[in-house]
Amino acid sequence: MSLEIKHHLNTLLVQALQQVAPNEPASLIVLERPKQAEHGDYACNVAMQLARSLKRKPRELAEALVAALPASDWLHSAEIAGPGFINLRLQAAARQNVVRSVLHQADRYGLSGQGQQQKVLVEFVSANPTGPLHVGHGRQAALGDTLCALLASQGYAVTREFYYNDAGAQIANLALSVQARARGLTPEAAEWPADGYRGDYISDIAQAYLAKQSVGNDKVATVIASGDTNDLEAIRCFAVASLRCEQDLDLQAFGVRFDNYYLESSLYSDGRVEAAVQALTAAGKTYESEGALWLRSTDYGDDKDRVMRKSEGGWTYFVPDVAYHITKWERGFQRAINIQGSDHHGTIARVRAGLMAVGRGIPAGYPDYVLHKMVTVMRSGEEVKISKRAGSYVTLRDLIDEVGRDATRFFLASRKADSEFVFDIDLAKSQSEDNPVYYVQYAHARICSVLQQAEDKGMALPVSLHTALTSDPSALDLSALQGPRESALLSRLGDYPEMLHDAAQDLAPHQLAFYLRELAGEFHAYYNAERVLVPEQDVRVARLGLLLAVRQVLRNGLALLGVSAPDKM
RNA sequence: GCCCCGGUAGCUCAGUGGAUAGAGCGGCCCCCUCCUAAGGGGCAGGUCGAAGGUUCGAUUCCUUUCUGGGGCGCCA
């Protein structure tokens with residue numbers, strides 16, 4: 001139900017409460033949507049909450065509150081039920097109003113300015129450029145992209161950022177692996193580098209390098225291969241550029257776009273790593289021991305102090321991480337959200353400790369984290385572990401190619417981040433007719449079809465009425481929408497803005513996927529129960545208005561998920 | 001051993017201090033002379049891992065415990 005209506009009802013109850021119990025705070029009034037339609041549009045439990053402190057029976061208290069409710073055009077009735085619930089029922093007209101709001105606001109329906117354009121940086125995927133993106137990156141991409149869309153819908157100025165760890169030991173390993181392939185070695189050879197990357201893509205890169213090909217795109221500066229198998233640095237540059245381009249293609253195929261790519265290597269060349277270390281040392285938060293430089297991260301809640309500079313001289317990985325997050329803060333992002341696998345959980349405390357210790361006023365909870373669990377891919381009841389291309393894992397591209405982009409995105413975004421994800425390819429693909437994403441898309445296509453039929457039969461909403469809606473929404477008579485299924489649909493449409501707000505607030509994109517499934521379900525039930533193109537004009541017009549509104553909300557929601565809304569299926 | 005996250009229907013998952021715990025898949029039974037059956041309706045299926053506690057009320061909060069995953073590097 002719309003927030004406006006909810007606030008209105010809340011105000012009524014607060015006024016009643018002030019009469020009945022003047023000393024009790026208004027914050028006690030909480031309205032919830034009952035699961036059962038018989039329990040009305042909203043329920044309030046305040047009478048039960050207060051019964052003890054006021055030494056009155058809950059039902060008696062509820063009666064007093066109901067008696068004290070001010071009159072309202074929107075409220076149909078207030079009943080006392082069960083142990084002392086106050087069940088509020090709306091006037092049909094109040095419920096019907098949502099159709100006008102949706103049609104009037106169209107693709108802006110559900111948006112909120114609450115974020116006041118506060119800058120938020122969301123970092124996700126952040127894969128090392130050492131191979132194609134795997135399914136876990138896909139989960140991050142789906143969650144991250146949708147979360148960004150949700151935050152933007154609530155008025156935040158969102159920046160999507162991809163951080164490349166292009167400077168560590170894994171990159172050196174990549175270069176050695178490509179070099180080995182270029183020299184004709186195979187992973188079985190004795191000279192093959194220890195822990196070298198074995199996937200077929202390594203051979204592909206080696207072949208391209210030998211053929212003196214060039215790689216690059218609009219985001220990755222072009223690198224021309226020298227073909228020299230002894231020049232490890234040239235191999236490294238070529239391999240990293242190749243894989244960045246490759247990953248970029250994966251992301252394009254998935255429909256995910258980033259605003260910015262941040263290279264770890266730049267933190268070194270810009271002197272930011274040194275600067276961070278100096279700041280920490282100047283703040284007195286470091287000490288030398290056993291030939292290494294340590295951070296007093298225990299001062300900020302970490303389990304133990306952490307090594308920053310290894311005794312062999314190199315920095316540990318979290319030092320550039322701290323330097324990187326300082327740049328987020330310096331770039332004006334007072335809010336930063338990182339989406340990472342839960343295996344990175346252990347690093348959170350030390351990065352935050354480093355940021356607090358650096359003395360720039362960065363708060364304790366910076367950055368926020370959304371941690372997600374692993375994805376297991378199943379086919380024919382067995383876990384799929386090996387991809388030909390990547391060797392040791394299933395790639396995102398494999399999944400998109402086999403299951404389709406829409407279904408992959410919808411699936412990966414539709415689970416709570418912190419639950420283990422079992423991605424059943426058979427379910428997502430072979431029984432494609434029962435795929436949840438098609439279920440939602442089908443609702444959209446069905447509505448398009450009905451609207452087309454209406455037009456063909458000359459039964460469409462009169463153009464004058466349709467255009468009138470944008471300037472004068474009250475021109476649409478919706479009073480015919482009285483049935484229980486129509487009420488359910490109207491309520492569900494009205495829930496959309498609050499659902500979006502909550503999903504953004506909780507950093508929980510899966511709530512959007514579930515909402516859309518429920519909305520589609522209520523539409524399908526309605527479609528089977530009632531005909532839209534009936535002879536009675538008032539009924540027909542009202543139902544067409546309802547369908548237009550449902551279609552609009554499906555479109556808006558699917559757009560946030562990055563899933564298409566087809567007109568025909 | 002310590003820390004984090006899960007444990008809800010046969011399977012995959014939602015939900016949550018409230019009134020008979022939900023959905024999809026799978027199983028069984030119905031519904032196309034009717035705007036797309038990629039749909040709908042119904043049946044079967046649950047001690048919400050277990051035990052205590054707080055509460056008018058607990059699947060939800062607290063404690064303990066069992067179990068699965070992850071983390072506890074001078075790896076990233």
Side-chain angles (χ1 to χ4, degrees), chain A residues 30 32 34-36 38-39 43 45 47-49 51-52 57-58 81-85 87 128 130 165 167-171 173 195 264 289-294 303-304 306-318 320-321 341-349 371-374 376 378 381 411 414-424 426-428 431-443 445-454 456-457 459 510-511 513-515 517-518 520-521 523-534 540 543-544 547 568-569:
Chain A
V30 175
E32 58 171 27
K35 291 172 198 161
Q36 315 269 123
E38 311 88 75
H39 294 149
N45 65 2
M48 291 176 293
Q49 303 280 4
R52 166 164 287 209
K57 290 179 181 171
F85 290 100
N87 290 337
N128 292 342
T130 55
N165 287 108
Q170 298 186 48
I171 299 301
N173 190 14
D195 303 320
E264 181 189 3
S289 174
E290 302 167 56
L293 181 68
W294 298 70
D303 291 345
K304 49 181 113 169
R306 304 291 173 175
V307 169
M308 295 171 61
R309 192 190 61 233
K310 298 179 260 186
S311 49
E312 48 88 344
W315 301 114
T316 56
Y317 71 92
F318 98 95
D321 240 29
S342 60
D343 54 334
H344 286 74
H345 173 82
T347 72
I348 294 176
L371 298 181
H372 67 88
K373 298 250 179 166
M374 297 297 108
T376 309
M378 304 287 286
F411 262 69
S414 64
R415 299 276 196 284
K416 215 168 37 174
D418 55 9
S419 68
E420 301 269 354
F421 198 132
V422 178
F423 194 113
D424 187 337
D426 303 316
L427 194 82
Q431 48 160 197
S432 63
E433 65 263 29
D434 290 315
N435 201 306
V437 67
Y438 295 142
Y439 183 85
V440 176
Q441 290 178 318
Y442 184 49
R446 256 186 164 173
I447 293 172
C448 290
S449 173
V450 175
L451 297 174
Q452 183 60 49
Q453 297 270 341
D456 295 347
K457 294 179 183 171
M459 288 174 151
H510 72 280
Q511 292 175 13
F514 278 91
Y515 171 86
R517 183 163 229 302
E518 282 163 9
F523 165 73
H524 285 307
Y526 177 58
Y527 178 91
N528 273 274
E530 307 285 354
R531 291 186 65 74
V532 174
L533 303 178
V534 293
R540 187 175 72 240
R543 289 180 176 172
L544 283 169
L547 257 61
K568 283 184 184 167
M569 290 176 73

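Numbers restart at 1 for each chain; the letters A, B, ... are given by sequence-line order, proteins then strands.
Residues A:Met48 and A:Pro83 have side chains in contact (heavy-atom distance under 4.5 Å, counting atoms from C-beta outward).
Rounded to whole Å, atom C1' of B:A37 lies 20 Å from atom OH of A:Tyr526. In this structure, the OH atom of A:Tyr527 is 5 Å from the P atom of B:U36, given to the nearest Å. Distance NZ (A:Lys416) to P (B:G69): 19 Å, rounded to an integer number of Å. One can place CG of A:Asp424 at 18 Å from P of B:G10, the figure rounded to the nearest angstrom. Rounded to an integer number of Å, the gap from CG of A:Leu544 to P of B:C35 is 15 Å. Per the geometry, CG belonging to A:Asn528 stands 5 Å off C1' belonging to B:G39, to the nearest Å. Rounded to whole Å, atom P of B:G6 lies 15 Å from atom CE of A:Met374. As a whole-Å value, the separation of A:Tyr442 OH from B:U36 P is 8 Å.
Rounded to whole Å, the separation between the P atoms of B:C61 and B:C4 comes to 15 Å. Atom C1' of B:G53 sits at a distance of 15 Å from the matching atom of B:G17, rounded to the whole Å. For the C1' atom pair drawn from B:U59 and B:U8, the interatomic distance equals 7 Å after rounding to whole Å. With both ends at atom C1', the span from B:G73 to B:C66 equals 31 Å, rounded to whole Å. Distance noted for atom P between B:G39 and B:C25: 7 Å (whole Å). Between the P atoms of B:U65 and B:G46, the separation comes to 31 Å (whole Å).
Of all the heavy atoms in A:Lys310 and A:Trp315, the pair that sits closest is CE-O, 3.6 Å. Scanning both residues, A:Ala292 and A:Val307, for their nearest heavy atoms gives CB-CG1, 4.1 Å. Considering every non-hydrogen atom in both A:Arg446 and A:Asn528, the closest pair reads NH1-ND2, 3.8 Å. When every heavy atom of A:Ser414 is checked against every heavy atom of A:Ala513, the shortest pair comes out as CB-CB, 3.6 Å. Across every non-hydrogen atom of A:Met459 and A:Leu544, the tightest pair is O-CD1, 3.3 Å.
Relative orientation of the A:Phe514 and A:His510 rings is perpendicular, given thresholds of 30° and 60° on the angle between their planes.
Partner assigned to B:C48 is none, using Watson-Crick or G-U wobble distances below 3.5 angstrom. With a cut-off of 3.5 Å on both Watson-Crick or G-U wobble distances, the partner of B:C72 is given as B:G1.
Note on A:Gln453: a side-chain N or O is less than 4.0 Å away from OP1 or OP2 of B:U36.
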What pairs of nitrogen or oxygen atoms, one from the protein and one from nucleotides 71-76 of chain B, lie under 3.5 Å apart?
| from | atom 1 | to | atom 2 | distance (Å) |
| --- | --- | --- | --- | --- |
| B:C72 | O3' | A:Lys304 | NZ | 3.2 |
| B:G73 | OP2 | A:Lys304 | NZ | 2.1 |
| B:C74 | O2 | A:Ser311 | N | 2.7 |
| B:C74 | O2 | A:Ser311 | OG | 2.8 |
| B:C74 | N3 | A:Ser311 | OG | 3.3 |
| B:C74 | N4 | A:Glu290 | O | 3.0 |
| B:C75 | OP2 | A:Lys310 | NZ | 3.1 |
| B:A76 | OP2 | A:Tyr317 | N | 3.0 |
| B:A76 | O2' | A:Gln170 | NE2 | 3.1 |
| B:A76 | N6 | A:Tyr317 | OH | 3.1 |

Pairs: protein N or O with nucleotides 19-23 of chain B N or O, under 3.5 Å:
| from | atom 1 | to | atom 2 | distance (Å) |
| --- | --- | --- | --- | --- |
| B:A19 | N6 | A:Asn87 | OD1 | 3.0 |
| B:A19 | N1 | A:Asn87 | OD1 | 3.3 |
| B:A19 | N1 | A:Asn87 | ND2 | 3.1 |
| B:U20 | N3 | A:Gln36 | NE2 | 3.4 |
| B:U20 | O4 | A:Gln36 | NE2 | 2.4 |

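Between A:Phe421 and A:Lys373, the one whose closest nucleotide on RNA chain B sits nearer the 5' end is A:Lys373. Residue whose closest nucleotide on RNA chain B sits further toward the 5' end, between A:Arg52 and A:Ala445: A:Ala445.
Under the rule for a ring-ring contact (aromatic ring centres under 6.0 Å, His included), the partners of A:His524 that lie at least two apart in sequence or sit in another chain are A:Tyr439, A:Tyr442. With sequence neighbours left out, A:Arg415 forms a salt bridge (charged side-chain N to carboxylate O under 4.0 Å, His left out) with no residue at all. When the side chain to side chain donor-acceptor pair (under 3.5 Å) test is applied to A:Gln453, no partner is found at least two apart in sequence or on another chain. Take A:Ala167 and apply the side-chain contact (heavy atoms from CB on, under 4.5 Å) test, not counting sequence neighbours, and it matches A:Glu264, A:Ser265, A:Tyr268.
Shown here, B:C32 is classed syn by the O4'-C1'-N9-C4 or O4'-C1'-N1-C2 angle, which is within 90° of 0.
Considering only the side chain of A:His510, B:G15 comes nearest among B:G15, B:U36, B:U12. Listed candidates were B:G6, B:U36, B:U12. Nearest to the side chain of A:Val422 is B:U12.
Within the nucleic acid shown, A:Ser419 comes within 4.0 Å of sugar-phosphate atoms alone, with no base atom in reach, counting heavy atoms only. Within the 4.0 angstrom heavy-atom criterion, base atoms lie near A:Val532. Residue-level contact check: A:Glu518 touches neither bases nor backbone, having no heavy atom under 4.0 Å from any strand. At a threshold of 4.0 angstrom between heavy atoms, the contacts of A:Ala349 with the nucleic acid are absent.
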